[in-house]
Amino acid sequence: SLERRHKFWETQPVGQFKDIGDTSLPEGPIELPTPLSEVKQEPYNLPNLYEWITCDMSSEDMCNEVFNLLSNNYVEDDENMFRFNYSKEFLCWAFQPPGFFKSWHIGVRVKSSKKLVAFITGVPARIRVRDEVVNMAEINFLCVHKKLRSKRLAPVMIKEVTRRVHLENIWQAAYTAGVVLPTPMATCQYWHRSLNPKKLIDVGFSRLGARMTMSRTIKLYKLPESTVTAGFRKMELHDVPAVTRLLRTYLSQFVVAPDFDENDVEHWLLPKENVVDSYLVESPETHEVTDFCSFYTLPSTILGNQNYSTLTAAYSYYNVSTKTPLLQLMNDALIVAKQKDYDVFNALDVMDNESFLKELKFGPGDGKLHYYLYNYRIRHALKPSELGLVLL
Ligand SMILES: CCCCCCCCCCCCCC(=O)CSCCNC(=O)CCNC(=O)[C@H](O)C(C)(C)COP(=O)(O)OP(=O)(O)OC[C@H]1O[C@@H](n2cnc3c(N)ncnc32)[C@H](O)[C@@H]1OP(=O)(O)O
Ligand SMILES: CN(C)Cc1n[nH]c2ccc(-c3ccc(F)cc3OCCn3ccnc3)cc12
């Protein structure tokens, strides 16, 4: 909007608010690649007290430091009641997909104390935009310690990760944020499905509905003890080729989606304890893999509650239904999440999720998740149902 100034983002090759509606601007890269010899060879300057560190996430100590920084300083909800608490094993998984670059795991330390006070990561991803498959960096886990906020450190972090991505001859990026920046390519709504309504109400995540008692609420969200779909089972290594085929076919319908190959599927979707769960339906007759669903594990620290410290949440990841109705498939996902004692199952209204949210008793969240591309113009903002991309 006109009065909002984005002193940093106005300098970047991203869609600018002033350009919204200007259909003369072509869709695609905003700036052309520069010759690698012309990419700034040395890191950007940090304020004197601080130094860059490339984080080797194969080191236990480094993982601990990153975990602690994020656990105490990462994203909170608008009412500062919850803070994401990605686990160490989740972070190691998220940072090291096929083809990852250690140089894209960037930290800032205090020179004297060696304390980690800021962080940002990129991982490589092939993202298709309409008919173009583009090599991108997925940027995530941008975090500045609470004591160092509003000192314009974030733009330096962003310029530094941009520089290091450019050095690998990659010129586009994808990222999501709860804040509005120039300029969202899509804006999604997140939804929550209560699994443990009593705890959710006790911690203030949910409120008791009008004319509802606690016992009536518990009954409303009750789920069967076991899944209902014949052939529903955990994904295993030997399923990777079939799941890759199923997923590639399904994702081809969306305007923006990952271009997963078998290596990507093996990394991102093979079940990993306490990180990602994935299930499929294998037809008992034909042994064909007809459906797939998955969710990742992201607990939130509960800030300031005497009885509970952690909210365990499952986040819908990639789901494909070709034979089992999506409604039934996702209900089985809810049943499994409840069996594993998650408190809540979260989902964005991307892909075909809209079709099951209300019927499976999801309630709308209190915020939005905005999707962005860096150095790639999309002529019109996409509807959530045109998005086939979920970032962690
Ligand atoms: C070709 C490769 C390209 C790769 C790069 C692609 C781009 C990747 C972009 C990154 C994607 C990350 C995705 C991701 O990680 C998922 S979104 C989660 C971001 N992290 C958090 O919210 C954690 C808690 N907050 C913080 O740690 C700080 O508040 C942060 C560090 C967020 C900002 O630190 P601060 O101390 O509060 O603020 P200053 O340093 O004074 O800086 C103010 C400037 O930063 C702009 N800002 C604020 N939040 C932002 C956000 N979430 N994305 C982008 N920009 C953001 C803001 O608009 C302003 O610029 P403007 O004046 O122009 O408006
Ligand atoms: C995606 N990834 C980049 C992390 C990230 N960054 N910024 C965010 C803002 C919202 C969501 C989000 C996405 C899906 C969802 F069901 C609920 C969400 O946030 C609820 C509010 N909240 C924030 C912290 N604890 C609770 C994620 C993110």
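Order of listing sets the numbers, starting from 1, for every ligand and every atom in it. As a basis for the values below, the full set of heavy atoms in this structure was taken, side chains included, without hydrogen atoms, waters or symmetry mates.
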How does D77 reach ligand 2, if at all, at less than 4.0 Å between non-hydrogen atoms: by side chain, backbone, both, or neither? both
Heteroatom proximity flag, L392 to ligand 2, N/O under 3.5 Å: yes
Is the closest heavy-atom distance from N375 to ligand 1 below 4.0 Å? no
Considering Y175, W171, Y374, which one's heavy-atom position lies nearest to atom 11 (C) of ligand 1? Y175
Salt bridge or not for D343 and K199, using N-O below 4.0 Å? yes
Just to be sure I read this right, does ligand 1 sit under 4.0 Å from the backbone of Q172, its side chain, both, or neither, counting only heavy atoms? backbone
For ligand 2, indicate whether the residue D78 contacts it via side chain, backbone, both or neither (heavy-atom separation under 4.0 Å). neither
Using a 4.0 Å heavy-atom cut-off, which part of N140 comes near ligand 1: side chain, backbone, both, or neither? both
Is the contact between Y86 and ligand 2 made by the side chain, the backbone, both, or neither, using heavy atoms and a 4.0 Å cut-off? side chain
Just to confirm my output: which protein heavy-atom neighbour is closest to atom 58 (O) of ligand 1, and how far is it? L181 CD2, 3.4 Å
Under 4.0 Å from atom 8 (C) of ligand 1, is there any protein heavy atom? yes
Taking all atoms of both residues into account, what is the closest heavy-atom pair of F95 and H105, and its distance? O-NE2, 2.9 Å
Is there a heavy atom of G367 sitting under 4.0 angstrom from any atom of ligand 2? no
Determine the interplanar angle of the Y250 and F254 rings, folded into 0 to 90°, and report it as parallel if under 30°, tilted if 30 to 60°, perpendicular if over 60°. perpendicular
